Amino acid sequence: MSLIELKNIARTYYIGGQVPVYALRGVDLTIESGEFVAITGPSGSGKSTLMAVLGLLDKADQGEYLLLGKKISDLNESHFARLRNRFFGFVFQTFNLLPKLNVTDNVMLPFIYAGEDTSEKRKKALENLMKIGLGDRLHHRPNELSGGQQQRAALGRALANDPLVILADEPTGNLDSQSSKEIMELLKQLNEQGNTIIMVTHEHDVAEWASRVLTLHDGKIIRDDKKQGQQRAKTREFTFDEKEKGEHGYWSGLKNYCYEAYLSIVNNKLRSFLSILGVMIGVAAVIAMLALGTGAKKSMEETLSSLGTNLLMVRVQRQEHGVSQGSQGATRFNFVDLEALKGLTSVDYVVPYVSGRAQVVFQSRNWNTSVTGTSVDYPNLRNVQIDTGRFFTRAEANSRAKVVIIGQTVARELFGEENPVGQWIRANRISFNVIGILPKQGAAGWRNLDDQIIMPIKTAMYRLIGEDYINYFEIKVGEVADMQPVTNSIVNEIMRLHRMPESERQRIDIINMVEIQAAASALISTLSYLLGAVAAVSLLVGGIGIMNIMLVMVMERTHEIGLRKALGAQRRDILIQFLIEAVLICLFGGTVGILFGSFVSWILSAFANWNIFISPGSVVLAFTFSVLVGLVFGLWPAWRASKLLPIVALRYE
Ligand code: ADP
């Protein structure tokens with residue numbers, strides 16, 4: 001049984017998809033095992049095409065291919081991949097070693113795609129390398145070797161999986177004459193040891209080494225010279241099924257894929273770094289932006305909800321010509337109003353306010369702050385609990401006692417680390433006893449609630465500010481549902497007490513806390529959306545970055561994929577390996593991004609004093625998106641290249 005039989009093989013290429021080039025036109029050829037065949041002919045005669053068809057790197061359009069008597073021309077690409085792995089070893093003019101792997105890793109490549117990846121086989125592959133004379137170069141990278149040594153390494157790889165045929169395409173094309181001679185001697189030796197060799201060359205003296213020389217012209221074999229007296233080497237005989245048997249083990253290869261992915265990442269440091277950076281920036285930006293937005297929203301909501309939702313604020317707008325008409329008395333609240341409003345149904349608390357500013361002094365320290373005069377119900381209405389000291393009592397309020405409760409900012413400015421409670425401060429030259437400190441409340445809209453001093457309203461009115469009317473009321477309503485009826489009865493009561501005509505109803509201004517909260521929330525939501533949009537853009541930019549890096553590597557990787565397929569990789573092998581690589585990059589970039597984003601958020605909160613909140617949702621969102629982008633654009637080139645015929649991928653430049 002012949003090793004290889006070609007019957008009427010034809011291969012036509014189409015330039016630009018239209019103009020046909022007949023690279024092979026009806027080739028009939030029989031090759032026996034143990035032969036050393038040289039294929040020669042002028043450039044463009046179809047030598048490489050014939051080699052590619054023989055090695056199943058390319059598919060003939062027409063004709064029959066029998067391998068060990070079995071017709072294989074109709075098998076599919078995945079079957080071809082397996083046959084390439086088991087039957088053929090390739091040596092190329094350009095060596096086609098993977099530049100980032102050392103000699104040993106390059107030589108072991110075929111094992112990744114072989115079903116049986118045993119240590120004996122690997123040991124034998126190493127022994128081969130020793131025989132070939134590369135024993136002292138096992139851990140060198142290809143670029144640290146001479147051309148001759150690289151071609152030896154390639155030969156070592158071709159031999160690794162114990163192939164039936166070694167296919168060499170211009171093996172000496174890139175070598176000087178001394179190295180050429182050495183390589184040819186090696187091939188001759190290998191042939192004598194029982195390897196079948198088919199070699200393409202356009203050099204006459206190289207063809208001389210072979211025992212049979214085929215000459216091609218215009219896609220046809222025009223001469224077939226067998227050297228007289230040359231014996232075929234003795235080879236082990238196989239049947240097709242014997243040589244082909246064995247399962248293709250994907251999962252046994254998993255360890256190798258991970259190792260290869262790892263090598264690929266560490267050996268392409270810049271590329272990996274840029275990809276990781278892309279993912280990282282995307283994730284970090286989203287996390288920081290959303291943390292800011294959510295944080296702002298939360299702190300605003302907290303401030304507002306600490307006030308309670310069922311609050312009303314009652315003011316009277318100044319009359320436009322009030323003073324000249326002498327009716328200002330009617331527009332100002334007094335203590336009669338206070339008592340009357342307290343008497344309304346569904347009203348829990350009514351708290352009066354006056355406010356002004358004062359220069360407060362403790363020893364040599366000065367601070368300008370706002371003064372709030374209010375009633376004993378203030379802590380109840382505002383849900384304020386005084387932890388240090390106490391609030392003023394009803395008796396103190398009635399006796400206009402000179403007592404103050406100070407805000408945190410005032411306490412810090414005047415007393416530093418000292419305890420203010422029990423001390424005397426002066427406000428506008430009047431002495432007040434500090435009886436308590438307000439808890440931290442933060443900003444409420446335009447006012448900083450921590451920068452104020454609070455005292456009984458009458459003390460403020462008559463001793464400090466010098467006004468005899470109440471600025472406004474805050475009213476706590478028992479049930480939110482009662483807000484509207486209470487609002488109406490407040491307006492009616494005030495109009496009655498001040499004998500206001502119906503035309504002035506509009507002047508009584510009642511602000512509902514629910515409305516304020518709704519308005520503030522809407523504002524903050526808009527802000528969050530804005531930040532979200534910025535985050536989305538960052539994510540997009542990060543994504544485009546990843547995409548560009550991945551696309552740039554298409555060329556390099558296409559060639560690599562061509563080689564891997566020549567060595568027997570299935571499409572799945574290629575995809576799994578690239579998937580692992582992309583996942584590793586994305587996971588790493590994503591994790592670093594989460595840490596970095598949290599760090600940036602923390603910096604913002606610590607130094608700029610912004611409220612931040614990292615929601616798990618934003619982490620998941622950012623991570624998922626970046627990883628998806630990385631995966632899609634990392635896998636895309638691999639997916640595209642893995643569809644190509646190996647010969648096309650190998651020629652890709
Ligand atoms: P040789 O190896 O003898 O130089 P080839 O087998 O490389 O010849 O090519 C045979 C012919 O087929 C040449 O005319 C070449 O231009 C053409 N050819 C080879 N590959 C392709 C291809 N992928 N697309 C179009 N034409 C091709």
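Please read these numbers as outputs of a predicted model, since none were measured by experiment. Computed over heavy atoms, backbone and side chain alike; hydrogens, waters and symmetry mates excluded. We count ligands from 1, going down the list as the structure has it; atoms in each ligand are counted the same way.
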Legend entry - Partner residues of Lys131 under the salt bridge (charged side-chain N to carboxylate O under 4.0 Å, His left out) criterion, sequence neighbours left out: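 Applying salt bridge (charged side-chain N to carboxylate O under 4.0 Å, His left out) to Lys131 gives none.
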Inset, instruction - Apply salt bridge (charged side-chain N to carboxylate O under 4.0 Å, His left out) to Asp176 and list each qualifying residue two or more places apart in sequence or on a separate chain. - result: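 Partners of Asp176 by the salt bridge (charged side-chain N to carboxylate O under 4.0 Å, His left out) criterion come out as none, since no residue qualifies.
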Pairs of nitrogen or oxygen atoms, one from ligand 1 and one from the protein, closer than 3.5 Å: please tabulate them with distances.
| from | atom 1 | to | atom 2 | distance (Å) |
| --- | --- | --- | --- | --- |
| ligand 1 | 2 (O) | Ser48 | N | 2.9 |
| ligand 1 | 2 (O) | Ser48 | OG | 2.8 |
| ligand 1 | 3 (O) | Gly44 | N | 3.4 |
| ligand 1 | 3 (O) | Ser45 | N | 3.1 |
| ligand 1 | 3 (O) | Ser45 | OG | 3.4 |
| ligand 1 | 3 (O) | Gly46 | N | 3.0 |
| ligand 1 | 3 (O) | Lys47 | N | 2.9 |
| ligand 1 | 3 (O) | Lys47 | NZ | 3.1 |
| ligand 1 | 4 (O) | Gly44 | N | 2.8 |
| ligand 1 | 6 (O) | Ser48 | N | 3.4 |
| ligand 1 | 6 (O) | Thr49 | N | 2.9 |
| ligand 1 | 6 (O) | Thr49 | OG1 | 2.5 |
| ligand 1 | 8 (O) | Gly46 | N | 3.2 |
| ligand 1 | 20 (N) | Arg651 | NH1 | 3.2 |
| ligand 1 | 23 (N) | Arg651 | NH1 | 3.4 |

Inset, instruction - Please step through salt bridge (Lys or Arg N to Asp or Glu O under 4.0 Å) for the pair Glu560 and Arg564, ending with a clear verdict. - result: CA-CA 6 Å; Glu560 176 190 330; Arg564 289 179 186 276; 2.9 Å; yes
Inset, instruction - Salt-bridge test for Asp224 and Arg212: reply yes if a basic N is under 4.0 Å from a carboxylate O, no otherwise. - result: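 Yes.
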Legend entry - Aromatic Tyr65 / basic Lys71 pairing, under 6.0 angstrom, 45° off normal: no
Inset, instruction - Kindly write out the residues that satisfy ring-ring contact (aromatic ring centres under 6.0 Å, His included) with Phe88, not counting sequence neighbours, or none if the list is empty. - result: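 In terms of ring-ring contact (aromatic ring centres under 6.0 Å, His included), with neighbours along the sequence ignored, Phe88 is linked to no residue.
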